[in-house]
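Not measured: the values here are computed from a predicted model. Hydrogens, waters and symmetry mates play no part in the numbers below; they use all other heavy atoms, side chains included.
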Amino acid sequence: MPELPEVEIVCQALKPVLEKSSFLKIQLNRPNLRYPFPSNLEQELVNHPITIVHRRAKYILINFSHGLTLIWHLGMSGRVIIEDLDAPSLKSGPHDHVIFMTSHNHKVTYRDPRRFGFLRLIATHQLNTLAPFSTLGPDSFGDSQLNASLFHERLQYHNIPIKRALLDQKIIAGIGNIYASEALWQAKLSPLRLTNSLTLAETGLLLKKIQDVLERAIAAGGSTLRDHVHPNGDIGYFQHFFKVYNHKDKICSRCHLFPIIKIIQGTRSTYYCNHCQK
DNA sequence: AGATGAGCCTGAAGGC
DNA sequence: TGCCTTCAGGCTCATC
């Protein structure tokens with residue numbers, strides 16, 4: 001499922017397709033995903049120009065000219081497929097839950113087998129008052145306000161293992177389970193280190209590695225494990241650059257001495273090298 | 001405040 | 001081949 005890089009890629013693909021366009025039809029093939037679909041979704045959105053498509057953490061936000069924002073989360077297995085209506089249509093699947101038809105002749109399909117994703121509608125000016133946006137931390141990628149000292153300050157409020165802190169969207173937003181492990185390996189920090197033990201220098205390095213790994217993942221088209229595929233059908237290939245994720249028992253590619261170990265932190269798998277991550 | 005577990009779902013992979 | 005169990009990229013809620 002999509003982490004920030006995969007959501008960013010979907011967002012970049014949706015941008016040229018949706019901005020300055022509008023929905024002509026919204027077909028809902030079931031009443032709900034994780035939550036019930038907003039009532040009157042089609043009536044509220046059809047024929048209203050879309051102004052901006054952007055991303056906040058792992059949420060896709062679609063702003064409309066009449067002051068509404070569609071919040072779109074892809075959950076664990078969500079996938080977006082963009083097709084030109086003039087081109088032959090791909091075969092539809094049993095998990096194609098929402099289909100948007102646009103005024104610029106595109107068909108946008110939202111496919112989500114596990115149905116952990118959701119759509120929500122809100123007045124744009126109220127976005128930051130609604131959970132989780134009201135409590136979301138600074139975006140781990142693309143937030144110019146986020147620097148080492150701010151990140152360090154936020155971590156000092158807690159006394160929890162750094163890996164868990166990276167997944168806490170209230171502390172820093174957008175990091176998922178894969179890239180948390182990868183960034184900690186890059187920064188040579190143990191996932192077990194407590195947040196308030198990190199120095200400013202270590203925090204700065206970690207932030208740099210987080211942003212670096214996210215940037216490289218976006219450039220590589222994201223990571224395709226099971227579900228993530230570009231809206232145009234391409235797969236991402238950043239999984240080939242993983243250093244620790246899914247590398248249990250493989251020798252660490254940095255120290256060449258010890259195998260990557262897997263532990264469970266807060267029900268989530270963590271991978272790291274016990275030798276070079278301190 | 002922090003830790004833990006359950007729950008929302010399907011499907012792929014591995015063990016027998 | 002087939003059945004069973006485990007695990008998965010997210011997030012929220014309840015409980016201790």
Listed nucleotide nearest any side-chain atom of [X], set [options]:
X        : options                : answer
A/His73  : C/dT12, B/dG11, C/dG10 : C/dG10
A/Arg164 : B/dG11, C/dC11, B/dT4  : B/dT4
A/Arg34  : C/dA8, B/dG2, C/dG10   : C/dG10
A/His158 : B/dC9, B/dG2, B/dG5    : B/dG2
A/Thr267 : C/dG10, B/dA3, B/dG5   : B/dG5

| How many angstroms lie between atom OG1 of A/Thr69 and atom CD1 of A/Ile122, to the nearest 0.5 angstrom? |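 CD1 of A/Ile122 is found 8.0 Å from OG1 of A/Thr69.
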
| task | To the nearest 0.5 angstrom, please state how far the CG atom of A/Leu198 sits from the CD atom of A/Gln156. | result |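 Output value for this atom pair is 7.5 Å.
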
| task | With ring-ring contact (aromatic ring centres under 6.0 Å, His included) as the test, would you mind laying out the steps for A/Trp72 and A/Phe100 before giving the verdict? | result | CA-CA 13 Å; A/Trp72 190 355; A/Phe100 302 92; 5.5 Å; yes

| said: On a heavy-atom basis, which atom in A/Glu19 and which in A/Val53 lie closest, and how many Å separate them? | reply: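 That would be OE2-N, 2.8 Å.
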
| query | Contact class for A/Pro94 (heavy atom, under 4.0 Å): base, sugar-phosphate, or nothing? | reply |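 No contact at all - A/Pro94 keeps every heavy atom at 4.0 Å or more from the nucleic acid.
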
| said: Need one value for A/Asp112: base, sugar-phosphate or nothing, where a base atom within 4.0 Å counts as base even if backbone is also close, heavy atoms only. | reply: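 If one applies the 4.0 Å heavy-atom cut-off, A/Asp112 turns out to touch nothing in the nucleic acid.
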
Mind calculating the distance between [atom1] ([X]) and [atom2] ([N]) to the nearest angstrom?
X        : N      : atom1 : atom2 : value
A/Phe118 : C/dG10 : CZ    : P     : 13 Å
A/Leu33  : C/dT12 : CG    : C1'   : 16 Å
A/Lys248 : C/dT6  : NZ    : P     : 15 Å
A/Leu119 : C/dC11 : CG    : P     : 15 Å
A/Tyr35  : B/dG7  : OH    : P     : 17 Å
A/Asp168 : B/dA3  : CG    : C1'   : 13 Å
A/Arg55  : C/dG10 : CZ    : P     : 14 Å
A/Arg114 : B/dA12 : CZ    : C1'   : 11 Å

| Taking atom P in both C/dC7 and B/dA6, what distance in whole Å separates the two? |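 Per the computed distance, 14 Å lies between those P atoms.
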
| query | Taking the P atom of each, how far is C/dT6 from B/dG5, in whole Å? | reply |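 About 15 Å, rounded to a whole number of Å.
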
| message | Centroid distance below 5.5 Å plus an interplanar angle below 30 degrees: do A/Phe116 and C/dC11 meet both conditions? | response |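 Stack criterion not met.
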
[X] side chain near [N] phosphate (N/O to OP1/OP2, under 4.0 Å):
X        : N      : answer
A/Arg115 : B/dT10 : yes
A/Lys170 : C/dT12 : no
A/His95  : B/dC9  : no
A/Ser77  : B/dG11 : no

| task | Would you please test A/Phe133 and A/Tyr59 for ring-ring contact (aromatic ring centres under 6.0 Å, His included) and show each step? | result | CA-CA 10 Å; A/Phe133 298 93; A/Tyr59 300 86; 4.8 Å; yes

| said: Please verify the inter-ring angle class for A/Phe241 with A/Phe238; under 30° counts as parallel, over 60° as perpendicular, anything in between as tilted. | reply: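 A/Phe241 vs A/Phe238 ring planes: tilted.
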
| request: Using the ring of A/Tyr157 (Phe, Tyr or Trp, six-membered ring only), decide whether A/Arg154 places NZ or CZ under 6.0 Å from its centre and within 45 degrees of its axis. | output: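 Not flagged: A/Arg154 not positioned over aromatic ring of A/Tyr157.
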
| Are the aromatic ring centres of A/His48 and A/Phe64 under 6.0 angstrom apart? |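 No.
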
| field | Residue mapping more 5' on DNA chain C - nearest nucleotide basis, A/Pro132 or A/Asn177 | value |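 Result: A/Asn177.
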
| message | Could you write out DNA chain C as dot-bracket? Rules: Watson-Crick or G-U wobble, both distances under 3.5 Å, brackets [ ] for crossings, | for pairs with another strand, dot for unpaired. | response | .|||||||.|||||||

| said: Using heavy-atom distances to pick each residue's nearest nucleotide on DNA chain B, tell me which of A/Arg30 and A/Asn159 is more 5'. | reply: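 Mapping each residue to its closest nucleotide by heavy atoms, the 5'-most match is A/Asn159.
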
| request: Please confirm whether the backbone N or O of A/Pro191 pairs with a side-chain atom of A/Gln265, one donor and one acceptor, at under 3.5 Å? | output: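 The answer is yes, because a donor-acceptor pair under 3.5 Å joins these two groups.
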
